[in-house]
Enquirer: 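Below: one structure in structure tokens.
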2 protein chains.
Amino acid sequence: MTLDELLKDRSEEAKSTYLSHISIDCVVFGFDNGTIKVLLVRMKGKRHWMLPGGFVENHEDIDDAAIRILTARTGADKVYLQQFATFGKKDRSQAFFKQSPALWHAQRFISIGYFAMVDFNQVIPVADDISDKCEWLPLQELPALAMDHSTILSKALKTLQTQVNYQPIGLNLLPQEFTLPELQKLYESILGRTLNRGNFYRKIMALDILEKLDEPRKGGAHKAPNLYSFNVKKYNEAFENGIYDRW
Amino acid sequence: MTLDELLKDRSEEAKSTYLSHISIDCVVFGFDNGTIKVLLVRMKGKRHWMLPGGFVENHEDIDDAAIRILTARTGADKVYLQQFATFGKKDRSQAFFKQSPALWHAQRFISIGYFAMVDFNQVIPVADDISDKCEWLPLQELPALAMDHSTILSKALKTLQTQVNYQPIGLNLLPQEFTLPELQKLYESILGRTLNRGNFYRKIMALDILEKLDEPRKGGAHKAPNLYSFNVKKYNEAFENGIYDRW
DNA sequence: GCAAAAGTGTTAGTTGTACACCCATGT
DNA sequence: ACATGGGTGTACAACTAACACTTTTGC
């Protein structure tokens, strides 16, 4: 089936299942090998990548809808999700389906943006039946996205940056066990600048949110770095009202 | 006409004019006599006050809809408006019109929240035809609001507080001409604590955003305070990337 | 004279920032 | 030996916070 046939097939069902005019788009951040990556999908027969998204069921909280959409795309439960803005310019979405104006997908949508931070290693990207791809793309080398999705993504990133002291970045983007250099590189990636190692060390230690594990990370060249994990209770307490630091 | 009759009268027109399931609610802040006030409306025959709100026309940007709604309620153009969150719990709105489930107003709404800062003295609150009141109420003595509007208002206030260094508070909430004690009281009201006068004076002066007017404010008892106005160009430059201060 | 407003001085304590030094350890 | 990681010292600049003193001025 072509994309149009598929969508037509779904249109009637969608009309009775979902709230009209409302969509959800998710900006999913992951951290892999020192690089921030974003989860993107590509519809069958379309050239542009887009943010994973979906719709809100008639009797569903929008937060629950975002969780449902994200879980379907990542296989990960307990993803950290936060609404950051709603996009509603009058011509933001219809043009993408202008060939088939009768489709459910071709109506005007106002999209609620959520960003997510997930452990890259826990995610297995899953394409749905109207997409042929669902992949991690590095934030630094993104192509132009469909519709206004580049705008949405930029806004998500900016929100994350300005809320760096209030968002549980490390806890959600790093694996269970990690090293201090990894944590520092994560913050450097998000802030877009390098940080002084010694000062970073003292700041993190002063927060008292880390637990040093017995075993260092083995295998690499050079000295094996210490492994740490977060003390989740202390971590959440520290970030509850924002850590008091300017980085 | 009763409220129900009025709403029924409008239902058909609303269905063809507005996007379904989407509403806009505005939290309008004003500053009067040392006190933060919020603009609220009360529907005919309803007990609870609510936020002024409205709907999005089929071919209208949501930001434009918010401006239209606000202008109708305040008579003020050029209001400072900013979207801050979207509220979409499944049961947040229908209960308010449970007696008349067929009405346009009784459908499920997802509401986009905007907050506004306006010059109290430039606003003449205007009730619309389904409301019997539209008034300023002091933030410190608010009654319980209809639906989830207390939640929406709290979120708006918290957003304003956490963005105090990024929001043009003084420029939008104060009249054209104002005194330093007034400006200080405004910040104290929003932050919820007193500030040291001497230090406040130096901070504001260091920002270099004020212009001292020739004439002091006359008429009061005691020494007449100096009048100032903002240098809008310098003001906007200073706030563009957030002023760097913790207050 | 009183009380509010305006402007400045001072000081102690805290933070930010930038370096620099030393040790540990896996290859 | 070398490169990376871990940990600490230090020193200056900048800023915060709290007080206090003085002058101005309308009534």
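In what follows, every chain begins at residue 1, and chains take the letters A, B, ... in the order their sequences are listed.
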Enquirer: Indicate, yes or no, whether a donor-acceptor pair under 3.5 Å links the base of D:dG6 to the side chain of A:R197.
Expert: yes

Enquirer: Which nucleotide wins on minimum distance to the side chain of B:N226, given the candidates C:dA6, C:dC19, D:dA17?
Expert: C:dA6

Enquirer: Figure out the CZ/P separation between A:F200 and C:dC19, and round it to whole Å.
Expert: 19 Å

Enquirer: Could you state the atom-to-atom distance from CG of B:N196 to C1' of D:dC21 in whole Å?
Expert: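 In whole Å, D:dC21 C1' and B:N196 CG are 14 Å from each other.
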
Enquirer: With respect to the phosphate group of D:dG7, does any side-chain polar atom (N or O) of A:Y201 fall under 4.0 Å of OP1 or OP2?
Expert: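 For D:dG7, OP1/OP2 do have a side-chain N/O of A:Y201 under 4.0 Å.
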
Enquirer: In terms of the nearest nucleotide of DNA chain C, which residue is placed more toward the 5' end: A:N199 or B:N199?
Expert: B:N199

Enquirer: Just the rounded figure in Å: distance from P of D:dG6 to CD of A:Q184.
Expert: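 Result: 10 Å.
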
Enquirer: A quick test of your reading: do over 12 heavy atoms of other residues, nucleotides or ligands sit less than 6.0 Å from NZ of A:K155?
Expert: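 Counting neighbours around NZ of A:K155, 12 or fewer heavy atoms of other residues, nucleotides or ligands fall under 6.0 Å, so no.
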
Enquirer: Does CD in B:Q161 sit with more than 12 non-hydrogen atoms of other residues, nucleotides or ligands closer than 6.0 Å?
Expert: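 Enclosed: over 12 neighbouring heavy atoms sit under 6.0 Å from CD of B:Q161.
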
Enquirer: Could you tell me how the ring of B:Y80 sits relative to the ring of B:F115: parallel (under 30°), tilted (30 to 60°) or perpendicular (over 60°)?
Expert: tilted

Enquirer: CG of A:L183 versus P of D:dT4: gap in Å, rounded?
Expert: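 Interatomic distance, CG of A:L183 to P of D:dT4: 19 Å.
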
Enquirer: Taking B:H48 for its side chain and B:L145 for its backbone only, find out whether a donor-acceptor pair lies under 3.5 Å.
Expert: no

Enquirer: Let me know, please, whether B:L180 or B:R202 comes out on the 5' side of the other along DNA chain C by nearest nucleotide.
Expert: B:L180

Enquirer: Side chain of B:P181 only, heavy atoms from C-beta on: which candidate in D:dT4, C:dA5, D:dG6 is closest?
Expert: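 Of D:dT4, C:dA5, D:dG6, C:dA5 is nearest to the side chain of B:P181.
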
Enquirer: Among D:dT4, D:dT16, D:dG7, which nucleotide has an atom closest to any side-chain atom of A:Y228?
Expert: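 Given the options D:dT4, D:dT16, D:dG7, the side chain of A:Y228 is closest to D:dG7.
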
Enquirer: Between D:dA17 atom P and B:L195 atom CG, what is the distance in whole Å?
Expert: 10 Å

Enquirer: Rounded to whole Å, how long is the line connecting atom NZ of B:K223 with atom C1' of D:dT25?
Expert: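 My rounded result for the distance is 6 Å.
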
Enquirer: Please check this pair: side chain of B:Y235 against backbone of B:L171, looking for a donor-acceptor N/O pair closer than 3.5 Å.
Expert: yes

Enquirer: Taking OP1 and OP2 of C:dG7, is either one under 4.0 Å from a side-chain nitrogen or oxygen of B:K212?
Expert: yes

Enquirer: Figure out the CG/C1' separation between B:L210 and C:dG7, and round it to whole Å.
Expert: 14 Å

Enquirer: Atom CE of B:M205 to atom P of D:dC15: distance rounded to whole Å?
Expert: 18 Å

